[in-house]
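Residue numbering restarts at 1 for every chain, and letters A, B, ... go by the order of the sequence lines. Atoms considered below: every heavy atom in the structure, side chains included; atoms not considered: hydrogens, waters and symmetry mates.
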Protein chains: 2
Amino acid sequence: MLRQQRVVIEGVRPQINCGEFYIKRVVGQRIEVSADVLVDGHDVIAASVLYKHHAERTWREQRMTPGFNDSWNGSFTVEKQGFYEYKVQGWVDHALNWQYGIGRKIADGQHVKSELLEGAEFLEAAKNQASAQENDFLDDLITAFRNPEEYDRSVQEAVSDQLRKILEKYPEKLLQNSSEPLKVYVDRKKALFSTWYEFFPRSSSEEPGRHGTFKDCERLLDRVVEMGFDTLYFPPVHPIGEVNRKGKNNTTTAMNGDVGSCWGIGSKHGGHKDIHPDLGTVDDFKELVAKAKDLGLEVAMDYALQSAPDHPWVKEHSSWFKWRPDGTVQYAENPPKKYQDILPIYFESEDYENLWKECLDILFYWIDCGIQIFRVDNPHTKPYYFWSWIIEQVKAKHPDVIFLAEAFTKPKVMQQLAKQGYTQSYTYFTWRESKHELISYVEELTKTDQAEYMRPNFWPNTPDINPYHLQGANESKFIQRYALAATLSSNIGIYGPVYEYMISEPIEGKEEYLNSEKFQICHYDWSRKNWLIKIITGINKARQNLEALQQTNHIRFCEIQNDEMIAFYKWNEDRSSQVLVVISLDNHHSRQGFVQLPLEELGIAAGQPLVMRDVVPNVEYTWDREWNFVELHPNMPFHIFEINQM
Amino acid sequence: MLRQQRVVIEGVRPQINCGEFYIKRVVGQRIEVSADVLVDGHDVIAASVLYKHHAERTWREQRMTPGFNDSWNGSFTVEKQGFYEYKVQGWVDHALNWQYGIGRKIADGQHVKSELLEGAEFLEAAKNQASAQENDFLDDLITAFRNPEEYDRSVQEAVSDQLRKILEKYPEKLLQNSSEPLKVYVDRKKALFSTWYEFFPRSSSEEPGRHGTFKDCERLLDRVVEMGFDTLYFPPVHPIGEVNRKGKNNTTTAMNGDVGSCWGIGSKHGGHKDIHPDLGTVDDFKELVAKAKDLGLEVAMDYALQSAPDHPWVKEHSSWFKWRPDGTVQYAENPPKKYQDILPIYFESEDYENLWKECLDILFYWIDCGIQIFRVDNPHTKPYYFWSWIIEQVKAKHPDVIFLAEAFTKPKVMQQLAKQGYTQSYTYFTWRESKHELISYVEELTKTDQAEYMRPNFWPNTPDINPYHLQGANESKFIQRYALAATLSSNIGIYGPVYEYMISEPIEGKEEYLNSEKFQICHYDWSRKNWLIKIITGINKARQNLEALQQTNHIRFCEIQNDEMIAFYKWNEDRSSQVLVVISLDNHHSRQGFVQLPLEELGIAAGQPLVMRDVVPNVEYTWDREWNFVELHPNMPFHIFEINQM
């Protein structure tokens with residue numbers, strides 16, 4: 001193919017898997033675009049980022065600036081939800097090239113009559129785009145350039161800044177070249193900033209032993225809101241299988257009265273579109289969701305694609321399950337382990353199209369009930385392409401919907417789910433404890449391509465994970481882990497009230513809770529207050545007030561001269577909000593160290609004073625040095641400093 | 001789109017610009033392919049590299065093996081010139097998954113009657129592909145698996161290695177997935193291993209002052225061959241422009257009798273398809289090319305797309321040049337410098353299709369005269385897409401043709417030309433002098449993606465570059481630079497006889513030769529012998545004998561305890577040829593140091609003796625330690641050790 005373009009564009013970033021996957025942003029965020037833009041020879045070139053919302057017809061343009069080694073940089077800001085496209089355009093700017101050349105010749109004392117005639121032609125071309133006022137200016141110059149009697153003035157005008165700006169503004173873009181369009185999906189802000197609280201509705205009753213209901217849950221909404229959470233996540237609320245039901249502490253045989261695992265979905269009472277009768281009705285659920293919404297709290301639902309043996313699907317859609325040669329249905333197994341209370345969905349079914357459509361319909365059903373956030377259970381055990389399809393279908397109709405992937409699995413599997421479209425991802429934070437582990441993990445999440453497509457959600461605990469470091473840990477450890485999660489990541493969550501009441505007794509030798517709510521009803525005195533709740537509330541309020549903490553990727557770790565202290569600087573898009581966070585990793589002793597301020601990034605000189613407001617206790621300090629002394633005690637093992645210039 | 005596949009394949013390497021460009025190999029080379037292959041859940045998967053020559057209809061297959069972190073590795077060898085395609089295929093291996101599961105259950109003491117029935121179905125499937133003998137075995141097992149009376153034997157057979165091998169060999173590949181095909185272009189071996197000698201035919205005369213001819217050149221062929229060169233490259237041999245001709249030492253006005261720059265192509269005697277009358281005729285040229293070929297020497301021609309003002313094209317195809325508003329033709333300039341003896345070709349011409357076709361026709365013309373190697377002058381000043389088009393056109397008809405890009409320019413421009421299809425590239429070696437510079441540059445060329453698409457050609461000097469370190473340098477420096485080039489890179493060249501006679505007087509302060517042959521005829525006593533010629537001959541012979549030196553990418557630098565000594569290990573594809581090279585960078589003093597052998601790569605233990613044959617002097621040493629003493633003197637500043645196990 002004969003392609004006459006002269007500019008080559010390559011290495012456009014951000015770009016995931018050669019453009020197969022979209023990158024992600026929320027409304028108001030910026031996308032920094034870079035590319036290598038090359039031309040043969042020595043002509044002056046220019047480049048732009050072109051971008052548009054998918055609903056727009058024309059491309060918008062932001063000029064790029066050249067960097068080092070033929071790379072060019074530009075950026076644009078996304079303002080609406082949905083897909084945007086972006087690409088890089090480059091061209092030889094013959095007019096600027098002319099001005100550069102004539103300037104060098106004039107400086108060399110050469111006669112440039114012929115060059116002025118050439119210039120007049122470039123000015124004619126610019127006239128097609130310029131304003132009336134600019135055209136008057138250009139007309140005047142064109143006449144002068146062509147008039148030998150105005151040679152001296154022409155030579156002066158030819159190299160003027162005024163002319164350069166007009167030429168820059170109205171390029172001809174002959175033989176321009178463009179990269180292939182890439183995509184970014186823009187979510188609502190909550191995709192990036194959310195504070196989750198998880199509890200089991202069945203444990204919400206005030207009376208020990210009674211099964212909690214949605215009405216009981218309504219009573220707890222204020223408590224959750226007062227602690228500063230904005231997302232309330234319930235484990236599955238569907239009917240629970242009665243065949244092969246699990247007993248307390250995961251025993252294989254349920255005793256009379258055992259309530260079973262709520263992830264064993266489906267019984268004679270219905271399946272994924274039904275509500276467990278002991279919790280209430282669908283109307284109760286809708287009412288709860290609406291009341292929560294009135295308080296600024298969104299209810300997140302669990303989406304767990306698996307069935308109990310008595311799920312209605314097993315009879316109605318037997319081909320959605322795998323049947324063995326002996327005529328029995330295939331239950332879940334991880335040989336030699338058997339999970340006879342759970343039937344995996346058979347995604348390789350010949351009837352997979354109807355299966356997938358029904359899975360989608362479940363989501364639509366609950367969306368109609370007011371749900372816009374789904375926490376997806378074990379997505380890594382269902383096909384990747386199923387997820388990209390279903391997420392795309394949902395977002396096309398309901399762009400506000402958020403999907404959180406619960407995939408505590410291998411790194412590339414976790415990443416792949418995010419690439420396929422998940423809005424947020426559980427991470428390995430739960431197991432990252434030391435300073436080195438935390439820094440290297442957060443750098444991996446925020447300084448590699450993962451920053452473009454995977455939004456971490458940091459959970460210090462979950463019903464499935466009672467991490468060793470929390471088992472029997474003191475209050476300081478619980479504060480420290482919450483402070484780390486809540487300042488390192490803008491999306492976080494805890495499983496309560498186990499967390500704030502520091503209930504951490506394990507099944508011995510395992511990262512499992514003893515007497516786990518997964519298999520039984522627990523009873524709590526939900527009205528009890530403690531220091532940890534006060535701290536969690538304070539940190540959540542700081543997150544609400546400080547935009548720097550409402551995003552994850554703008555982070556830079558700072559030097560601090562203590563191996564058990566971690567310090568980092570975070571900022572929002574326009575740096576109107578800047579924080580320095582210092583956290584002690586020692587939950588037994590006081591720790592002291594000097595922390596280095598990132599003066600260059602702050603744009604200040606050493607000696608210039610800063611007001612550092614420690615926002616949780618609300619105390620102000622004035623720092624005027626690069627290195628500053630910090631001391632942290634186990635009962636208050638962190639500072640969140642709001643940085644303000646005096 | 002509903003895609004039912006379960007395996008995801010990504011990150012296939014090698015891959016250049018998302019498959020936009022092909023990678024390169026020569027006949028007999030291997031391609032190591034890696035990819036991330038992922039599946040949902042925990043099923044056993046398998047993967048293959050599929051590949052085929054473009055003339056073949058069916059894909060060949062090489063199984064891949066799993067590595068770390070979900071990456072898989074495989075390889076294949078290319079046997080024919082032309083394009084190959086390759087891709088990665090992955091699938092869930094349900095049969096192996098079954099065998100893994102039943103094995104764990106049996107080990108756990110579970111009853112597996114139902115699993116045996118499942119297994120029988122997998123064995124039935126394997127029968128479709130298996131041999132008659134294998135089918136007898138499978139039939140026997142199928143019967144047993146379905147016969148409760150043969151339960152005990154079945155349990156044993158189900159987990160047998162024999163069965164596993166058959167299942168591995170004949171996978172069902174249900175719902176297999178494949179990556180997009182990528183391309184590799186396979187050249188003849190010379191693309192990777194070539195030893196160039198450049199001289200100016202017009203300086204070939206035995207009589208001082210007389211213009212050399214092709215007949216004179218014929219007389220010099222033996223000399224070039226005896227020195228061990230296989231490629232003889234001539235600067236342009238076309239008629240030289242007489243308008244605005246350059247004088248000696250690049251003066252702007254030629255004196256009477258000045259021969260001009262041979263890169264100022266075209267005069268009343270003709271253009272790019274003609275021979276300078278003072279050199280002889282096209283028939284003389286063909287005869288020279290044929291005689292050289294008989295001696296094992298290929299003649300490489302210069303392809304310089306530019307014109308003298310009196311090139312016939314200027315009149316016949318005036319639209320192939322740029323005309324200024326004052327009616328004059330645009331000469332080359334780099335403001336404020338002017339090159340009035342050269343007219344650039346106007347690739348943006350409206351008649352560009354005919355222009356490009358004529359440029360292609362020039363190549364076909366000389367190919368018909370016996371030329372198969374083109375050294376392209378300043379390719380970076382012509383459009384990139386022109387090069388990809390013209391190279392593709394030529395190679396489609398003449399796959400033996402080799403293009404060397406003379407682009408001493410910015411890194412990404414140099415790389416881009418290689419990506420667009422150049423077979424070989426001049427490099428920055430000419431200016432890489434210190435140990436650190438040499439190692440980091442060679443690692444960049446051989447350990448990054450560049451290794452896949454850019455074949456370096458190392459030149460210690462060229463007519464355009466008389467590097468500062470050679471100006472007035474002693475013989476040891478010339479030996480050292482040749483030894484470095486010839487052992488680090490399998491493609492190399494020198495501009496002679498300037499190099500071997502150590503003519504290095506510069507234009508003061510510049511990396512230019514004084515009285516450069518670019519602008520005048522020079523006279524040499526071609527029969528003179530010296531130590532440097534003897535060394536060059538010896539090194540070239542070593543290159544001919546040692547396959548390890550006939551490639552560039554299999555290189556590993558070794559520790560050597562002296563900052564002015566460099567050591568590296570090289571090997572051929574199957575490690576049947578292995579060398580250790582040690583070179584002193586000090587051309588004034590002796591240097592000593594201990595060098596570390598790469599024992600692990602050599603596959604030997606410390607204490608196991610190796611015969612190290614220093615091939616240029618042909619002396620043998622026995623080394624039986626990891627660290628070995630080496631001493632080099634300025635008159636023989638290198639060792640090329642052939643490594644042989646005893």
Side-chain angles (χ1 to χ4, degrees), chain A residues 1-6 8 10-11 17-20 36 38 40-42 69-71 100-105 107-108 110 113-115 117-118 120-121 174-175 324-326 328 333-336 344 347-348 352-353 356 379-386 388-389 410-413 416 419-420, chain B residues 1-6 8 10-11 17-20 36 38 40-42 69-71 100-105 107-108 110 113-115 117-118 120-121 174-175 324-326 328 333-336 344 347-348 352-353 356 379-386 388-389 410-413 416 419-420:
Chain A
M1 190 188 56
L2 276 66
R3 284 183 69 181
Q4 217 188 352
Q5 287 118 327
R6 293 183 52 206
V8 164
E10 61 173 19
N17 288 46
C18 299
E20 182 182 350
D36 293 335
L38 307 172
D40 58 280
H42 309 283
N69 198 11
D70 290 314
S71 77
Y100 173 81
I102 199 171
R104 306 268 296 205
K105 290 171 185 174
D108 192 50
Q110 297 177 20
K113 180 179 152 230
S114 180
E115 283 78 2
L117 294 178
E118 287 170 337
E121 291 179 10
L174 295 173
L175 297 176
R324 309 179 68 186
D326 64 3
T328 62
E333 49 179 23
N334 185 10
F347 282 89
E348 294 177 36
Y352 76 100
E353 298 198 9
W356 290 26
H380 58 292
T381 59
K382 288 95 197 173
Y384 300 102
Y385 298 121
F386 167 73
S388 57
W389 174 81
K410 298 184 287 181
K412 285 183 185 159
V413 171
Q416 184 66 215
K419 287 179 178 178
Q420 298 281 359
Chain B
M1 190 187 56
L2 276 67
R3 284 184 69 181
Q4 218 189 352
Q5 287 116 327
R6 292 184 50 207
V8 164
E10 62 173 19
N17 288 44
C18 299
E20 181 181 351
D36 292 335
L38 308 172
D40 59 281
H42 309 283
N69 199 11
D70 291 313
S71 78
Y100 172 82
I102 199 172
R104 306 268 294 205
K105 290 172 185 173
D108 191 51
Q110 296 177 21
K113 180 179 153 228
S114 181
E115 284 77 3
L117 295 178
E118 285 169 339
E121 291 179 10
L174 295 173
L175 297 177
R324 309 179 67 188
D326 64 4
T328 62
E333 48 179 25
N334 185 9
F347 282 89
E348 294 178 33
Y352 76 100
E353 297 198 9
W356 290 26
H380 58 293
T381 60
K382 288 95 197 171
Y384 300 102
Y385 297 121
F386 167 74
S388 58
W389 174 80
K410 298 182 288 181
K412 285 184 185 158
V413 172
Q416 184 66 216
K419 287 179 178 178
Q420 297 283 359

Participant: State, yes or no, whether a side-chain contact exists between A/Glu10 and B/Glu20 at a heavy-atom distance under 4.5 Å.
Facilitator: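 Not in contact.
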
Participant: Contact part of A/Glu115 toward chain B, heavy-atom cut-off under 4.5 Å: side chain, backbone, both or neither?
Facilitator: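 Backbone plus side chain of A/Glu115, per the 4.5 Å heavy-atom cut-off to chain B.
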
Participant: Chain A heavy atoms under 4.5 Å from B/Leu175: which part of the residue, side chain, backbone, both or neither?
Facilitator: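 Interface part for B/Leu175: side chain.
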
Participant: Measure the CZ-CD distance between B/Arg104 and A/Glu333 for me, rounded to the nearest 0.5 Å.
Facilitator: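 Here the rounded value is 11.5 Å.
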
Participant: Please determine which of A/Gln420, A/Lys419, A/Lys412 meets the side-chain contact (heavy atoms from CB on, under 4.5 Å) test together with B/Val8.
Facilitator: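 Going through A/Gln420, A/Lys419, A/Lys412 one by one, the side-chain contact (heavy atoms from CB on, under 4.5 Å) with B/Val8 is satisfied by A/Gln420 alone.
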
Participant: Looking only at heavy atoms and a cut-off of under 4.5 Å, which of B/Glu348, B/Glu353, B/His380 has the most pairs with chain A?
Facilitator: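 Looking at each option in turn, the highest pair count goes to B/Glu348.
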
Participant: How many angstroms lie between CD in B/Gln416 and CG in A/Asp36, if you round to the nearest 0.5 Å?
Facilitator: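 So the gap between those two atoms works out to 9.0 Å.
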
Participant: How many angstroms lie between atom OH of B/Tyr352 and atom CZ of A/Arg3, to the nearest 0.5 angstrom?
Facilitator: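 Rounded to the nearest 0.5 Å, the OH-CZ separation comes out at 11.0 Å.
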
Participant: Which answer fits B/Asn69, side chain, backbone, both or neither, if we ask what part of it has an atom under 4.5 Å from a heavy atom of chain A?
Facilitator: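 Looking at B/Asn69, backbone and side chain both touch chain A.
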
Participant: Side chain, backbone, both or neither: which part of B/Gln5 has a non-hydrogen atom closer than 4.5 Å to chain A?
Facilitator: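 It is both, since atoms from each part get that close.
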
Participant: Please rank A/Lys105, A/His42, A/Glu121 by heavy-atom pairs under 4.5 Å with chain B and give me the top one.
Facilitator: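 Highest number of heavy-atom pairs under 4.5 Å: A/Lys105.
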
Participant: For the candidates A/Gly19, A/Ala107, A/Ala120, A/Gly101, which exhibits the highest count of non-hydrogen atom pairs separated by less than 4.5 Å from chain B?
Facilitator: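 Between A/Gly19, A/Ala107, A/Ala120, A/Gly101, the count favours A/Gly101.
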
Participant: Looking at every heavy atom in both B/Pro383 and A/Asp40, which two are closest together, and how far apart are they?
Facilitator: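 Heavy atoms only, the tightest pair is CA-OD1, 3.5 Å.
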
Participant: Can you name the closest pair of heavy atoms from A/Leu38 and B/Tyr384 and give their distance?
Facilitator: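 That closest heavy-atom pairing would be CB-OH, 3.8 Å.
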
Participant: Donor-acceptor check, side chain of A/Gln4 to backbone of B/Phe347, threshold 3.5 angstrom: yes or no?
Facilitator: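 Pair found, side chain donor or acceptor close to backbone of B/Phe347.
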
Participant: Could you check if a side-chain atom of B/Leu117 sits within less than 4.5 angstrom of a side-chain atom of A/Arg324, using non-hydrogen atoms only?
Facilitator: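 The answer is no; the side chains never approach within 4.5 Å.
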
Participant: With chain A as the partner, which of B/Arg6, B/Glu118, B/Gln110, B/Lys382 has the greatest number of non-hydrogen pairs under 4.5 Å?
Facilitator: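 Most heavy-atom pairs within the cutoff with chain A belong to B/Glu118.
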
Participant: For the residue pair A/Asp70 and B/Lys410, what are the closest heavy atoms and their distance?
Facilitator: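 Of all heavy-atom pairs spanning A/Asp70 and B/Lys410, the closest is OD1-NZ, 2.7 Å.
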
Participant: I need the residue from B/Cys18, B/Gly41, B/Pro325 with the largest number of non-hydrogen atom pairs under 4.5 Å to chain A.
Facilitator: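 Max contact count across the listed options: B/Pro325.
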
Participant: For the residue pair B/Lys113 and A/Asp326, establish whether any side-chain heavy-atom pair is separated by less than 4.5 Å.
Facilitator: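 No, their side chains stay 4.5 Å or more apart.
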
